[in-house]
Amino acid sequence: MTSVSIKNLTRRPVPRFAYTALVATVLPQWDVSLVFVGPKKAQELNMQLRKKSYTPNVLSYEVGKKSGEIFICLQEAERQAPAHSMNSRIFVLYLFIHGLLHLKGWAHSGTMEQCERKLLKQFSQKREV
């Protein structure tokens, strides 16, 4: 059964979306942990997981078979959203979708971008029930 656990380690409000339905669409039968973090934690994780020193907007990685974790830095998402012609709320959803597709094994490509746009349109209006 598909499940999503959400943790907010920031003082910022977390946008509400149909995260579980989205995971069920992209990665059926997966368990995903979604963690919202601040810039310092995001940068620490990026160094630890990827040996990169910058503050990322999203990180995703598998933790087991059909199990993954996605970290989103809300502050970076808010800062970067205008450059992507999105408000910060929708950009957070976009980052979650991006992380899911990486968990699925997809690399950056035109196909990935097309799928992201389709899923963003489909799920941007849906609220978690």
Side-chain angles (χ1 to χ4, degrees):
M1 184 161 113
T2 302
S3 72
V4 177
S5 66
I6 301 172
K7 291 180 189 160
N8 183 5
L9 303 180
T10 75
R11 291 191 176 128
R12 298 173 186 275
V14 171
R16 297 189 63 177
F17 291 104
Y19 294 111
T20 303
L22 183 48
V23 172
T25 299
V26 177
L27 295 168
Q29 306 298 313
W30 272 62
D31 294 320
V32 174
S33 171
L34 172 58
V35 184
F36 294 97
V37 296
K40 184 177 178 186
K41 183 67 173 174
Q43 188 175 20
E44 287 172 6
L45 287 165
N46 203 24
M47 181 56 83
Q48 178 185 337
L49 298 169
R50 302 177 63 232
K51 307 295 184 243
K52 306 273 184 181
S53 61
Y54 65 91
T55 302
N57 52 23
V58 64
L59 289 169
S60 62
Y61 63 97
E62 282 188 53
V63 292
K65 188 174 179 168
K66 293 196 171 204
S67 176
E69 197 152 38
I70 296 175
F71 291 91
I72 295 177
C73 179
L74 287 174
Q75 194 169 328
E76 273 303 297
E78 289 171 8
R79 190 180 70 74
Q80 294 178 10
H84 294 270
S85 302
M86 295 180 205
N87 66 42
S88 59
R89 182 179 173 277
I90 296 299
F91 191 56
V92 166
L93 178 62
Y94 167 81
L95 293 174
F96 184 66
I97 291 166
H98 189 82
L100 288 176
L101 293 177
H102 277 311
L103 286 177
K104 190 172 181 159
W106 289 26
H108 294 160
S109 67
T111 303
M112 182 179 188
E113 290 173 15
Q114 186 177 11
C115 186
E116 288 167 341
R117 284 193 299 274
K118 178 184 166 206
L119 290 167
L120 191 62
K121 184 176 181 182
Q122 182 181 351
F123 284 92
S124 61
Q125 303 305 316
K126 292 185 180 185
R127 299 275 183 173
E128 192 79 7
V129 212

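Clustering ILVMFWY residues whenever any of their side-chain heavy atoms sit less than 4.5 angstrom apart, transitively, puts I70 in a cluster other than the one holding V35. V37 and V14 are assigned to two separate hydrophobic clusters, defined by single-linkage of ILVMFWY side chains at heavy-atom distances under 4.5 Å.
With contacts defined as side-chain heavy-atom distances shorter than 4.5 Å, the pair W30/L100 does not qualify. Within the 4.5 Å cutoff, side-chain heavy atoms of L22 are placed close to those of L93. In this structure, E62 and L103 have side chains that are in contact, with non-hydrogen atoms separated by less than 4.5 Å.
Proximity of a side-chain donor or acceptor of E113 to a complementary backbone N or O of H108 within less than 3.5 Å is not detected. The backbone N or O of A24 sits nowhere less than 3.5 Å from a side-chain atom of T2 that would complete a donor-acceptor pair. The main-chain N or O of L120 is found under 3.5 Å from a side-chain atom of S124 such that the two form a donor-acceptor pair. When atom types are taken as modelled, the side chain of N57 and the backbone of E76 share no donor-acceptor pair closer than 3.5 angstrom. Judged by distance alone, the side chain of Q43 and the main-chain N or O of Y54 form no donor-acceptor pair under 3.5 Å.
Note: F96 and Y19 meet the aromatic proximity criterion, with ring centroids under 6.0 Å apart.
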Between F36 and R12, does a side-chain contact (heavy atoms from CB on, under 4.5 Å) hold up when you go through it step by step? CA-CA 9 Å; F36 294 97; R12 298 173 186 275; over 6 Å; no
Determine, step by step, whether V26 and I97 satisfy the side-chain contact (heavy atoms from CB on, under 4.5 Å) criterion, reporting the C-alpha distance in whole Å, the side-chain angles of both residues, the deciding distance to 0.1 Å, and the verdict. CA-CA 9 Å; V26 177; I97 291 166; 5.8 Å; no
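Here the closest heavy-atom approach between residue W106 and residue C115 is recorded as CZ3-CB, 3.5 Å.
Within the model, atoms CZ of R16 and CD1 of I6 stand 8.5 Å from one another, a figure rounded to the nearest 0.5 Å. The NZ atom of K40 sits 11.5 Å away from atom OG1 of T55, with the distance rounded to the nearest 0.5 Å. The distance from atom CG of L27 to atom CD of Q29, rounded to the nearest 0.5 Å, is 11.0 Å.
Residues passing the salt bridge (charged side-chain N to carboxylate O under 4.0 Å, His left out) test with R117, sequence neighbours excluded: none.
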